[in-house]
> 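I have a structure here, written as structure tokens, and I will follow up with some questions on it.
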Amino acid sequence: MSEIKVFNAVNRPSEIEKQEIVNFLHTHLGEYGDDKLDIKKAINYAIKQFVSFGGFVALIMEGDEILGASVVNATGMSGYIPENILVYIATHENHRGEGLGKKLMETIICHAKGDIALHVEENNPAIKLYEKFSFTNPYLEMRFKRNN
């Protein structure tokens, strides 16, 4: 039987748990993921390991095994900017299609205070999950990136 674990500024994961979450996300985000250092930064932001607006990390666990993980960062904004950014969400590649993504999204929506935004690549199959939860795409995102 799986269980949900939620970590935040009050209930932080141990360093070992944090590294397990980083490794899980790095592996199971696949081509849509980031390097481990960036994943760890997002987790540290969510649990207020340093001065930040916080957020939370939600896991689906079966015993000691992570079956799904998500990281939500609070933006400190409201109104014109959503209060939360869903930075990462992934399910174990051997357990996809079992409703774990849906369970994680329900947990995220339950724990997030305010609106939630996310970035997703147009070829990512997770778009279907987001649309089931009424996420919409009202904007075209454009970025300027410095070459430092």
Side-chain angles (χ1 to χ4, degrees), residues 2-62 64-93 95 100-127 129-148:
S2 63
E3 68 168 310
I4 301 284
K5 270 190 176 178
V6 178
F7 295 110
N8 54 35
V10 176
N11 178 34
R12 292 183 175 144
S14 69
E15 286 302 315
I16 292 171
E17 289 171 315
K18 191 187 310 179
Q19 194 57 51
E20 289 172 352
I21 298 164
V22 168
N23 292 341
F24 177 88
L25 286 168
H26 186 260
T27 298
H28 296 285
L29 286 168
E31 67 183 285
Y32 305 107
D34 293 322
D35 64 42
K36 289 182 177 183
L37 183 60
D38 289 334
I39 295 169
K40 189 172 185 176
K41 284 180 195 174
I43 292 169
N44 285 337
Y45 184 102
I47 63 171
K48 296 183 86 168
Q49 196 72 41
F50 53 84
V51 176
S52 72
F53 291 107
F56 60 93
V57 175
L59 305 177
I60 297 177
M61 303 290 299
E62 190 165 287
D64 292 336
E65 183 181 15
I66 300 173
L67 300 184
S70 62
V71 178
V72 176
N73 288 168
T75 66
M77 307 293 276
S78 67
Y80 65 99
I81 303 268
E83 292 88 345
N84 302 279
I85 301 289
L86 173 53
V87 184
Y88 300 113
I89 182 170
T91 57
H92 193 292
E93 61 191 7
H95 293 276
L100 298 174
K102 177 182 177 188
K103 195 173 187 179
L104 267 177
M105 287 300 297
E106 289 169 348
T107 301
I108 291 163
I109 290 168
C110 178
H111 282 82
K113 292 173 177 54
D115 294 341
I116 305 167
L118 58 85
H119 295 103
V120 61
E121 295 178 29
E122 64 185 348
N123 63 337
N124 189 326
I127 289 173
L129 173 67
Y130 307 140
E131 290 173 341
K132 285 180 186 176
F133 282 90
S134 301
F135 280 79
T136 60
N137 182 18
Y139 305 108
L140 172 65
E141 178 179 313
M142 300 175 76
R143 292 184 181 188
F144 172 80
K145 187 169 183 167
R146 294 194 184 277
N147 295 323
N148 296 351

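Keep in mind it's a predicted model, so treat the numbers as computed, not measured.
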> Does Leu37 CG have over 12 foreign heavy atoms under 6.0 Å away?
yes
> Parallel, tilted or perpendicular, judged at 30° and 60°: which one describes the rings of His95 and His92?
perpendicular
> Sort and list the pairs that fulfil side-chain hydrogen bond (donor to acceptor under 3.5 Å, both in side chains) and have at least one residue in residues 100-121, not counting sequence neighbours.
Ser2-Lys103, His119-Glu141
> With a 3.5 Å distance limit and no angle check, can you tell me whether Arg12 reaches the backbone of Lys18 through a side-chain donor-acceptor pair?
no
> Quick one: does Ile21's side chain get under 4.5 Å of Phe7's, heavy atoms only?
yes
> For the pair Tyr45 and Phe50, name the ring-plane relationship: parallel under 30°, tilted 30 to 60°, perpendicular over 60°.
perpendicular
> Would a 4.5 Å heavy-atom cut-off, applied to side chains only, mark Ile116 and Phe133 as touching?
no
> Which atom pair, heavy atoms only, marks the closest approach of Val87 to Ala42?
CG1-CB, 4.0 Å
> Could you check whether atom NZ of Lys132 has more than 12 heavy atoms from other residues, nucleotides or ligands sitting under 6.0 Å from it?
no
> Any side-chain heavy atom of Met61 within less than 4.5 Å of one from Leu67?
no
> Over all heavy atoms of both residues, which pair between Phe135 and Leu118 is shortest? Give the atoms and the distance, please.
CE2-CD2, 3.5 Å
> Do Asn8 side-chain atoms and Asn11 backbone N/O form a donor-acceptor pair below 3.5 Å?
yes
> Considering all heavy atoms of both residues, which atom of Ile89 and which atom of Met105 are nearest to each other, and what is their separation?
CD1-SD, 3.7 Å
> Under the side-chain hydrogen bond (donor to acceptor under 3.5 Å, both in side chains) definition, can you give me all pairs with a residue in residues 71-89, not counting sequence neighbours?
Asp34-Tyr88
